[in-house]
Engineer: 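The structure is given below, and queries will be raised subsequently.
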Amino acid sequence: MISVLKNIKTKLDEKYGDNENYHSLTTILPYFKPYTGRTFLALGLAIPIGALDAVIALSLKPYMDIVMLDKQMQSPWYIPILIIVFTTIQGVLNYLATYMNDWVGGRVTNDLKIDLYEKLMHQTAGFFDKQTSGKILKAYNNDADKSCSGLLTNMKTCISRLFSSISLTAVLFYNSWQLAIIAVFVLTCAMIPLMKIKSTIKNVYNKSEGENAKVLTTYNEAFAGHKIISAYNLYNIKKKQFEKLIDTVFGLRMKITQHVGWLSPMMHIIVSVGIGAVIGLGSYLIVKGKLSAGQFVSFITALIMLYTPIKGLGNNAKGMTTCLCAMERVVAKLDKKPGIKDKKDAVEFPEFNNSITFEDIKFSYVKEKPVLKGISFTVKKGETVALVGNSGGGKTTIVNLLPRFYNLKDGSIKIDGVSINNIKLNSLRNNIAIVFQDNFLFEGTIKENIMFGNLKASDEQLKMAIKNSYLEDFIASLPDGLNTQIGERGVLLSGGQKQRIGIARAFLKDAPILILDEATSALDNQAEHIVQQAIDNLMKDRTVFVIAHRLSTIQNANRIAVINNGYLSELGTHEELLNIPNGEYKKLYDMQFS
């Protein structure tokens, strides 16, 4: 059986492999596998729900012929009871199907979101450089909701209507094959325009989703930038920008309506033509004695029940298109390979006994706009190297290449002779600790944010990290101590407090390589003094890369590298560089201390 199914899938792959819808479905459907039983139950219940539609229409024939025309009360007394019973059964089944549909759809959506979130976390820094928060929310969260839940809901609706149509069509032919042919012909005509609806609105819909992502981004900016908006009185200009964006979204929405809105009215017209034709021919057949009144009423009832959903297919087609377009975008995210991944023969981080070597490093974020233009230098184990120079010269880019936030293609960075491209990514990053200028803190407690450095750290290790980061007095002053909630991005803390929590996190990681990227540049003198003491503790017995604009903080570095316009212009100790006539470092120093 399994081999038969595999053969069927292979043939389908060969025939429809390039079809977007087929590829989307074959990617999403495996997510339903853990819930196969419940999925089939949810969809299977749609069969009797649809098929029971024929009961009412079918029961009207004997009721009309015996009661309404012959004025008899013998046999049809049970018909109203049967209608109530079958309608009740249909209602109960509909509830169960809806519950199972929502349960399975919710579970599958959760599984899909987890995979998408994992994909998102493994994207490169270059990916995030080009994205907005709104696009991320739409692509990795909202589309997952629309695709999975929407798929199951639409499948349930399609199955229910399919079996409803089959059972009602059987009632039509049972009562009059002549009228049934007309009804089926009209039904076919009504279905034809739906075939091309997806391709018609796909581009407009995707563009609309892009603009909706900008709306989310604008809301996020209002949240994160509310102080700037207030300080610079940007209320009016931001409001006008938002109004313009909303008008664009509205225009695209109306364009979708222009493409789809005509479907429902057209369906009404086609259906009315079918009903009119049936009434005309039916009247003729009744007069000729070829059709009873009961058969005619039963036929009309079945026809109206059959046509009623058809008249709303425009909106259903829009919903299905929304689901499929969202599914295609989700599948594109699932298919996306990580920009940086391990080689098949990747090795663990080496012992690191000697040095880190940068060999002819060339790098650019945008083609034909190089940021680094052939950087070469060596850092010995235990050495502290400071990177200084003008803004935009490439200092941060150098330290971002070491933990492989970006893929290095030209040149190489080697640790004890082993290229970082040949080291397993997790192993490499486990041995590098970083303290950024704007140290990111997660929503939660102080303890949780420090423990991210090493989730297995003991209480003693945590206590030492707090002590070495000069956080003891601050934490002791808080009513909840380490369990104090710090708010989103640590909004409830000062800059110095956030930096010291970041340093404590780096202490717990206890990595042999340390990167300090402008770790004190945003602090006042008092906060900088405390944070610098914590950093001095952190730097002990480690190989350190320091980026700093304040030259007073790096004078004790073993060596100082001056990076300007993508080149390594000078390299030496503080005293050596000051003795270079008209040297770049001397100019920077004189500028700050003149």
Side-chain angles (χ1 to χ4, degrees), residues 118-132 135-136 332-350 352 354-381 385-434 436 511-518 543-547 561-571:
E118 185 178 15
K119 284 278 185 180
L120 178 64
M121 289 191 295
H122 284 86
Q123 295 301 330
T124 65
F127 168 83
F128 291 101
D129 292 342
K130 300 174 184 177
Q131 300 296 322
T132 64
K135 284 184 178 179
I136 295 296
K333 302 294 181 297
L334 292 172
D335 287 345
K336 189 176 179 65
K337 303 296 182 184
I340 299 175
K341 56 184 179 180
D342 292 335
K343 292 183 177 180
K344 291 183 178 180
D345 56 349
V347 299
E348 295 293 333
F349 189 84
F352 186 37
N354 298 310
S355 62
I356 301 173
T357 306
F358 294 77
E359 299 178 356
D360 195 25
I361 303 299
K362 298 175 183 176
F363 183 80
S364 61
Y365 297 102
V366 181
K367 286 185 179 181
E368 300 180 359
K369 290 186 178 180
V371 177
L372 300 179
K373 306 169 184 177
I375 299 286
S376 296
F377 65 97
T378 299
V379 180
K380 295 178 181 178
K381 181 183 179 181
V385 173
L387 305 177
V388 301
N390 296 327
S391 296
K395 305 183 296 297
T396 299
T397 301
I398 291 174
V399 296
N400 281 341
L401 290 174
L402 181 57
R404 293 184 70 191
F405 291 155
Y406 298 89
N407 243 340
L408 178 60
K409 297 180 180 178
D410 295 322
S412 64
I413 300 175
K414 295 179 179 179
I415 299 175
D416 281 0
V418 180
S419 171
I420 60 172
N421 289 344
N422 295 327
I423 299 174
K424 292 179 180 179
L425 198 58
N426 287 346
S427 180
L428 173 67
R429 292 176 179 172
N430 281 340
N431 287 276
I432 301 174
I434 306 176
F436 296 99
I513 301 171
L514 173 65
I515 296 173
L516 302 171
D517 188 357
E518 305 274 12
T543 304
V544 185
F545 295 83
V546 183
I547 296 177
V562 182
I563 311 294
N564 277 333
N565 300 317
Y567 294 101
L568 174 61
S569 56
E570 294 172 2
L571 180 64

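Note that the structure is a prediction, hence the values are computed from the model and not measured. When a residue number appears, it is its place in the shown sequence, counting from 1.
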Engineer: Would you find a donor on one side and an acceptor on the other, under 3.5 Å apart, between the side chain of Asp517 and the backbone of Thr396?
Structural biologist: no
Engineer: Can you tell me how far apart CG (Asn390) and CD1 (Ile563) are? Round to the nearest 0.5 Å.
Structural biologist: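 CD1 of Ile563 is found 11.5 Å from CG of Asn390.
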Engineer: Measure the shortest side-chain to side-chain distance between Leu401 and Phe363 over non-hydrogen atoms and say whether it is less than 4.5 angstrom.
Structural biologist: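 Result yes, sub-4.5 Å side-chain heavy-atom pair found.
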Engineer: Do Asp416 side-chain atoms and Phe352 backbone N/O form a donor-acceptor pair below 3.5 Å?
Structural biologist: yes
Engineer: If I compare all heavy atoms of Pro370 with all of Ser364, which pair ends up nearest, and what's the gap?
Structural biologist: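 Shortest heavy-atom separation between Pro370 and Ser364 comes out as CA-CB, 3.6 Å.
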Engineer: Please determine which of Ile361, Ile375, Leu372 meets the side-chain contact (heavy atoms from CB on, under 4.5 Å) test together with Leu568.
Structural biologist: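 Answer after filtering Ile361, Ile375, Leu372: Ile375.
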Engineer: Side-chain contact test, heavy atoms from C-beta onward, threshold under 4.5 Å: evaluate it for Ser427 versus Val347 and give yes or no.
Structural biologist: no
Engineer: Could you walk me through whether Lys381 and Asn354 pass the side chain to side chain contact (heavy atoms under 4.5 Å, CB included) check?
Structural biologist: CA-CA 5 Å; Lys381 181 183 179 181; Asn354 298 310; over 6 Å; no
Engineer: With rounding to the nearest 0.5 Å, note down the distance linking CG in Asn400 to OG1 in Thr124.
Structural biologist: 11.5 Å
Engineer: Shortest non-hydrogen contact from Ala511 to Ala433?
Structural biologist: CB-N, 3.6 Å
Engineer: Looking at residues at least two apart in the chain, or sitting in another chain, which of them share a salt bridge (Lys or Arg N to Asp or Glu O under 4.0 Å) with Lys135?
Structural biologist: none
Engineer: Test of understanding: with side chain to side chain contact (heavy atoms under 4.5 Å, CB included), list the residues that count as partners of Glu118, not counting sequence neighbours.
Structural biologist: Asp115, His122
Engineer: What's the separation between atom CZ in Phe545 and atom CD1 in Ile513, rounded to the nearest 0.5 Å?
Structural biologist: 6.5 Å
Engineer: With sequence neighbours excluded, what pairs up with Asp129 under the side chain to side chain donor-acceptor pair (under 3.5 Å) test?
Structural biologist: Tyr406
Engineer: Side chain to side chain contact (heavy atoms under 4.5 Å, CB included) between Lys130 and Tyr365: does it pass, once the steps are laid out?
Structural biologist: CA-CA 11 Å; Lys130 300 174 184 177; Tyr365 297 102; over 6 Å; no
Engineer: Hey, does Val544 have a side-chain heavy atom less than 4.5 Å from the side chain of Leu516?
Structural biologist: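 When only atoms from C-beta onward are counted, Val544 and Leu516 do touch, with a gap below 4.5 Å.
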Engineer: First locate atom CZ of Phe358, then atom CD1 of Ile420, and finally report the distance between them rounded to the nearest 0.5 Å.
Structural biologist: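 Answer for the CZ-CD1 pair, Phe358 versus Ile420, is 7.5 Å.
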Engineer: Looking at Lys362, I'd like to know if its NZ atom is crowded, meaning that more than 12 non-hydrogen atoms belonging to other residues, nucleotides or ligands lie closer than 6.0 Å.
Structural biologist: no
Engineer: How long is the gap from CD1 on Ile398 to CG on Leu408, to the nearest 0.5 Å?
Structural biologist: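 Result: 11.0 Å between the selected atoms.
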Engineer: Can you confirm whether Asn421 sits close enough to Arg404 that some side-chain heavy atom of one is under 4.5 Å from a side-chain heavy atom of the other?
Structural biologist: yes
Engineer: How close do Arg429 and Pro403 get, heavy atom to heavy atom, and via which atoms?
Structural biologist: NE-O, 2.8 Å
Engineer: Determine whether a donor-acceptor pair (N or O, by modelled atom type, separation under 3.5 Å) exists between the side chain of Asp342 and the backbone of Leu425.
Structural biologist: yes
Engineer: Just by distance, no angles: are the side chains of Asn422 and Lys343 close enough, under 3.5 Å, to form a donor-acceptor pair?
Structural biologist: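 Distance-only check passes for Asn422 and Lys343.
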Engineer: Just how far is it from atom NZ of Lys341 to atom CG of Asn407, taken to the nearest 0.5 Å?
Structural biologist: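 Interatomic distance, Lys341 NZ to Asn407 CG, rounded to 0.5 Å: 10.5 Å.
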Engineer: Does a side-chain heavy-atom distance below 4.5 Å link Asn430 with Phe349?
Structural biologist: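 No. Closest side-chain heavy atoms not under 4.5 Å.
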Engineer: Work out which heavy atom in Glu359 is nearest to a heavy atom in Ser376; give both atom names and the distance.
Structural biologist: C-OG, 3.7 Å
Engineer: Checking Phe127 against Ile136 for the side chain to side chain contact (heavy atoms under 4.5 Å, CB included) test, could you report, in this order, the C-alpha distance in whole Å, the side-chain angles of both residues, the deciding distance, and whether it holds?
Structural biologist: CA-CA 11 Å; Phe127 168 83; Ile136 295 296; 3.8 Å; yes
Engineer: Could you pull out the closest heavy-atom pair between Val371 and Gly394, with the gap in Å?
Structural biologist: CG1-CA, 4.0 Å
Engineer: Could you go through the side chain to side chain contact (heavy atoms under 4.5 Å, CB included) check for Ile415 and Leu428 one step at a time?
Structural biologist: CA-CA 10 Å; Ile415 299 175; Leu428 173 67; 3.9 Å; yes
